[in-house]
Protein chains: 2
Amino acid sequence: MRADARRNLGKIVEAAAEIVAERGVNAPMELIAKRAGVGVGTLYRRFPDRDTLIAAVGDHYVHTMADALNDAAAGSGSAWDAIRDFVSWVAAPGRAALSTALAVLPEEVLVNRTEFARVRTSWVEQFDALVRRAQAEGSMRPDVGVEDLIHLLTVFTCHPDQLPAPVAADPGRYLSLMLDGMTSGAATPLDGSGA
Amino acid sequence: MRADARRNLGKIVEAAAEIVAERGVNAPMELIAKRAGVGVGTLYRRFPDRDTLIAAVGDHYVHTMADALNDAAAGSGSAWDAIRDFVSWVAAPGRAALSTALAVLPEEVLVNRTEFARVRTSWVEQFDALVRRAQAEGSMRPDVGVEDLIHLLTVFTCHPDQLPAPVAADPGRYLSLMLDGMTSGAATPLDGSGA
DNA sequence: ACACAACCGGAATCCGAGATTCCACTTAAC
DNA sequence: GTTAAGTGGAATCTCGGATTCCGGTTGTGT
């Protein structure tokens with residue numbers, strides 16, 4: 001493979017990640033090509049069909065998440081703090097919000113994608129461990145689980161188009177509210193002014 | 001206007017409300033017609049364009065909300081209880097969840113719709129009063145407002161397609177979590193098993 | 001019961017967004 | 001300098017959905 005071809009491949013996956021985050025799994029291929037600065041032809045040569053491309057995006061995404069979770073967990077604070085850190089990392093503005101997009105993926109797309117499945121599973125496990133740790137600490141209420149956390153993350157990080165504008169503009173505020181709902185103790189103050 | 005025509009008109013608005021809740025403001029007209037049990041022709045005769053129809057749906061919707069809020073507020077409990085009641089009413093399964101759909105409406109559609117604007121404004125005001133009352137009671141934290149409540153309601157009641165399946169399946173769970181995040185006191189137990 | 005205007009349903013037609021193909025033109029690599 | 005890999009994007013094909021139109025119905029007044 002020629003050097004420039006490899007370079008383009010990278011640009012395409014990156015662009016696809018952005019566009020998918022913005023417009024969902026069915027975003028026009030042409031948009032992706034444009035964002036990547038290549039022609040549609042190039043896109044199709046590299047990824048014969050949409051699924052292949054999406055799968056590549058999935059791989060990329062799940063790795064990013066795993067790394068971020070690792071970082072958060074490695075911090076010195078409590079498990080709860082780690083969770084809070086990770087959540088706000090995910091909710092940071094400008095961060096590609098692929099979760100929702102990928103969440104609706106039909107299973108077929110990821111079948112045989114062992115790499116993706118492997119990384120994701122281990123990510124969930126690690127996240128789950130963190131949650132249990134936080135619950136053991138007594139800082140998180142016991143009647144919620146990782147799944148709840150993941151779902152909420154998914155909801156609040158999905159693209160602006162899907163969300164009421166004010167929520168999209170400040171997902172962190174609402175995520176924080178939700179986290180407060182998950183503590184066993186008192187609420188912490190929010191960022192904004194409060195309506 | 002003939003009696004059957006009037007009857008159809010009602011069926012159409014009702015069907016439109018359902019479909020819009022399910023598929024958003026841009027749902028195929030044909031679906032609406034089918035749901036209403038009429039032909040597309042009939043639909044177009046009554047509502048020359050999509051906007052007219054959507055506006056009608058908006059009127060209908062805002063009235064429903066206003067009534068529900070009244071009922072909740074009229075109850076004997078605390079303001080906070082009233083809020084909780086109203087929120088769960090909105091989140092009840094099967095309830096048409098139009099808010100998100102209508103939220104993305106371009107302003108033009110509702111301009112000149114004085115009826116809609118009037119009812120909505122008064123709804124918001126009443127809701128706001130309730131919130132302030134709850135805050136005065138000390139049961140609701142002071143750094144959130146009606147708008148937050150409305151936004152969150154919007155998020156969790158929007159159509160399944162827009163939401164991760166688990167959230168769509170049990171919006172009440174998440175709504176409850178969010179309400180807990182809004183109390184000044186401790187968290188209350190959730191319905192489900194917890195992940 | 002009759003006449004007729006208001007109504008109906010839905011087939012037929014029209015339209016635009018986006019997928020996919022194809023090939024003349026570039027350019028990295030040796 | 002040669003050439004095979006790589007490129008962009010116009011042209012074509014598809015399909016979902018909007019909108020129109022009209023022959024057939026059905027309330028309604030007499």
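Values reported hereafter were calculated over all heavy atoms of this structure, with side chains retained and with hydrogens, waters and symmetry mates removed. Sequence lines set the chain letters: A, B, ... in the order given, protein chains first and strands last, and positions in each chain run from 1.
Taking the side chain of B:R2 as heavy atoms from C-beta on, and the options D:dT26, D:dG6, D:dT20, the nearest nucleotide is D:dT26. Of the candidates D:dG6, C:dG18, D:dT19, C:dG18 carries the atom nearest the A:R23 side chain, counting heavy atoms from C-beta on. Listed nucleotides: D:dG17, D:dT7, C:dG18. Nearest to the side chain of A:R46: D:dT7. Set against D:dG6, C:dA19, D:dT19, the side chain of A:P28 has C:dA19 as its closest nucleotide. For B:V40, the side-chain atoms get nearest to D:dT20 when compared with the rest of D:dT20, D:dG8, C:dA19.
When every heavy atom of B:W80 is checked against every heavy atom of B:S139, the shortest pair comes out as CB-OG, 3.4 Å. In terms of heavy-atom proximity, A:P142 sits nearest to A:Q135 at CA-NE2, 3.5 Å.
In this structure, B:D49 and B:R45 both approach DNA chain D, and ranking their closest nucleotides by distance from the 5' end singles out B:D49. Ranked by how close their nearest DNA chain D nucleotide is to the 5' end, B:Y44 and A:G37 are led by A:G37. Annotation: of the two residues near DNA chain C, B:M1 and A:A3, the 5′-most nearest-nucleotide partner is B:M1.
The pair B:R35-B:E22 meets the salt-bridge criterion, since a charged nitrogen lies less than 4.0 angstrom from a carboxylate oxygen. Using a 4.0 Å cut-off between charged nitrogen and carboxylate oxygen, A:K11 and A:E14 do not count as a salt-bridge pair. For A:R84 and A:D180, the salt-bridge test passes: some basic side-chain N is under 4.0 Å from an acidic carboxylate O.
Checked against a 6.0 Å centroid threshold, the rings of A:F116 and A:Y61 do not count as neighbours.
With the end axes of the helix from C:dA1-D:dT30 to C:dC30-D:dG1 each set by five pairs, the angle from one to the other reads 20° at 10° resolution.
Among the protein residues, B:A27 comes within range of the sugar-phosphate backbone only, with heavy atoms under 4.0 Å from sugar or phosphate atoms but none that close to a base.
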